[in-house]
Student: 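Pasting a structure here, questions to come.
Computed from heavy atoms alone, side chains included, the values below leave out hydrogens, waters and symmetry copies. Labels below follow one simple rule: chain letters A, B, ... track the order of the sequence lines, proteins then strands, and each chain is numbered from 1.
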There are 2 protein chains.
Amino acid sequence: MSDPSSELDRVFHALGDPTRRAIMERLTDGPLSVSRLAEPLNVTLTAVMQHLQILQECGLVYTEKTGRVRSCRLEPGGLAPLEKWIRDRRSPWEKRLDRLGELLGP
Amino acid sequence: MSDPSSELDRVFHALGDPTRRAIMERLTDGPLSVSRLAEPLNVTLTAVMQHLQILQECGLVYTEKTGRVRSCRLEPGGLAPLEKWIRDRRSPWEKRLDRLGELLGP
DNA sequence: ACATTAGTGAAGCCTCCACTTCAGTATCAG
DNA sequence: CTGATACTGAAGTGGAGGCTTCACTAATGT
């Protein structure tokens, strides 16, 4: 893996675009082909492809081509770095509560 | 409050910029004035102001001016919608595990 | 009072990036 | 074989947005 901070950069940048978030939301319910993915979106198939490439490069989406159709699905741990960043943004006392919860909970 | 989906849009867009994320990271350790905020960043004071306005408009940062200095701090619940979106991106079975955890844990 | 500090407002520049068009390549169906 | 489907690649366009400069106001310090 490369520089973790620039990886986070890419994730945030990727999710900054509404269309790409729409793709992620769409894939939440299960794998989809590129064409099906493009249907409800108001963009070209080519545009969807470009978005998919970006989402892939930062580990948010996994795609696999079988025959002439490419199947797209969410990468399981893709949002983890984002989640970690958010947790790190809590105030110190909140963090302390978190740690307490981790000790007591799971 | 306005349309919630466009609110989420603004949050994601705001965090899509590295400089704005740097501001958020800087404010994690406590309130800071605009000048102090700008010091380590390689941009003008004016640029920082513009970023702050954006961060404010989507409820991520709270600022208050006393005298000639404006104090900036993180808005406590600001990242909540973002967090919710991430949670909603889990697969159905993962969600079910989450609910189970919620019932057993806290 | 005067200089300095801290922040504002307006206007313009310029780069990046989302999107399109068009042309091309496999794959599948009849 | 023929046509349709599903994607891929290259190249170009337009607009949004991040940044700067310059001019200005208000608070503070000596």
Student: Heavy-atom contacts under 4.0 Å between residues 55-72 of chain B and DNA chain C, which residues?
Tutor: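 Only B:K65, B:R68, B:V69, B:R70 qualify.
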Student: It should be established whether A:H51 places a side-chain nitrogen or oxygen under 4.0 Å from OP1 or OP2 of nucleotide C:dC17.
Tutor: no
Student: Would you call B:H13 and B:R20 a side-chain contact if the rule is heavy atoms closer than 4.5 Å?
Tutor: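 B:H13 reaches B:R20 side chain to side chain.
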Student: Find the distance B:I23:CD1 to D:dC19:C1' and express it as a whole number of Å.
Tutor: 13 Å
Student: Quick check on side-chain contact (heavy atoms from CB on, under 4.5 Å): which of B:L60, B:L79, B:L27 does A:R89 satisfy it with?
Tutor: B:L79
Student: Mind checking salt bridge (Lys or Arg N to Asp or Glu O under 4.0 Å) for A:E39 and listing every partner two or more places apart, or none if nothing turns up?
Tutor: A:R36
Student: Which protein N or O atoms sit under 3.5 Å from an N or O of nucleotides 20-22 of chain D?
Tutor:
{"unit_1": "D:dT20", "atom_1": "OP2", "unit_2": "B:T44", "atom_2": "N", "d": "2.8"}
{"unit_1": "D:dT20", "atom_1": "OP2", "unit_2": "B:T44", "atom_2": "OG1", "d": "2.4"}
{"unit_1": "D:dT20", "atom_1": "O5'", "unit_2": "B:T44", "atom_2": "OG1", "d": "3.2"}
{"unit_1": "D:dT20", "atom_1": "O4", "unit_2": "B:Q50", "atom_2": "NE2", "d": "3.2"}

Student: Just the rounded figure in Å: distance from C1' of D:dA6 to CD of A:E39.
Tutor: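 Spelled out: CD on A:E39 to C1' on D:dA6 is 12 Å.
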Student: Hey, does A:L41 reach any base, or is it just sugar-phosphate, or nothing, if we go heavy atoms under 4.0 Å?
Tutor: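 The answer is nothing, as A:L41 stays clear of every strand by at least 4.0 Å.
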Student: Apply salt bridge (Lys or Arg N to Asp or Glu O under 4.0 Å) to B:K84 and list each qualifying residue two or more places apart in sequence or on a separate chain.
Tutor: B:D88
Student: State which residues pass salt bridge (Lys or Arg N to Asp or Glu O under 4.0 Å) with B:E57; sequence neighbours excluded, sorted by chain then number.
Tutor: none
Student: Contact between A:C72 and A:T63 at the side-chain level, heavy atoms closer than 4.5 Å - yes or no?
Tutor: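 Heavy-atom side-chain distance check passes, below 4.5 Å.
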Student: Within this structure, what is the CZ-to-C1' distance between B:F12 and D:dA16, rounded to whole angstrom?
Tutor: 20 Å
Student: Looking at side-chain heavy atoms only, is the closest gap between B:I54 and B:D17 below 4.5 Å?
Tutor: no
Student: Between atom CG in B:L52 and atom P in D:dG18, what is the gap in whole Å?
Tutor: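 Whole-Å distance recorded here is 13 Å.
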Student: Rounded to whole Å, please give me the gap between CD1 in B:I54 and C1' in D:dC19.
Tutor: 12 Å
Student: Could you list the residues that satisfy salt bridge (Lys or Arg N to Asp or Glu O under 4.0 Å) with A:E83, not counting sequence neighbours?
Tutor: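 By the salt bridge (Lys or Arg N to Asp or Glu O under 4.0 Å) rule, A:E83 matches B:R90.
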Student: Tell me the interatomic distance from B:M49, atom CE, to D:dT25, atom P, rounded to whole angstroms.
Tutor: 16 Å
Student: From A:R21 CZ over to A:H51 NE2, what is the distance, rounded to the nearest 0.5 angstrom?
Tutor: 11.5 Å
Student: Within the pair B:H13 and D:dG17, is there a side-chain N or O less than 4.0 Å away from OP1 or OP2?
Tutor: yes
Student: Report the distance from atom CG of B:D17 to atom P of D:dA16, rounded to the nearest whole Å.
Tutor: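 It works out to 17 Å between those atoms.
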Student: Describe the nucleic acid contact of B:R20 in one word from base, sugar-phosphate, nothing, applying a heavy-atom distance below 4.0 Å.
Tutor: sugar-phosphate
